[in-house]
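Structure first, commentary second.
Index from 1, following the sequence.
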Amino acid sequence: VTVCQGDEYRDHWRPPIPTKDSSGSTFYTTSTFPSIHVIVGLLLLGYLACLPEYGPTKLPPHRPYHLLGLYWHFVDIIWLLVVLLLYVIPHLQFYGF
């Protein structure tokens, strides 16, 4: 995902420069924050894979997996909104309006 986004940034860098106009800064801000969340999620997955097995605790053993699953659902919803707002809706043609 981040590799494809870097490739897209290279293609789009010339027209909307983030420091020159609000359109460019909005595009890069809106598309960069979800990418940062994906990187954080990958780091959390790596951390979860390295968690040691502890003995009996008061917390259920599946709690870290559940919380990380909720985090990934949050990232999915944000990516869905970004794709809809930046790529799908601007290319829709509304006939009759």
Worksheet entry | F74 reachable from L45 in the ILVMFWY side-chain graph, under 4.5 Å edges | yes

Worksheet, complete the sentence: Residue set satisfying side-chain contact (heavy atoms from CB on, under 4.5 Å) with L44, at least two apart, ordered chain then number -> V40, L68, Y71

Discussion item. Check for me, please, whether V75 and L48 land in the same ILVMFWY cluster - side-chain distances under 4.5 Å, paths through other members count.
Written reply: yes

Item to complete: Measure across W72 and V38 and return the closest heavy-atom pair with its distance rounded to 0.1 Å.
Response: CH2-O, 3.8 Å

Worksheet item: Looking at I78, L84, V83, D76, which hits side-chain contact (heavy atoms from CB on, under 4.5 Å) with L80?
Response: L84

Worksheet item: Among the clusters formed by ILVMFWY side chains lying less than 4.5 Å apart, do L42 and Y65 turn up in the same one?
Response: yes

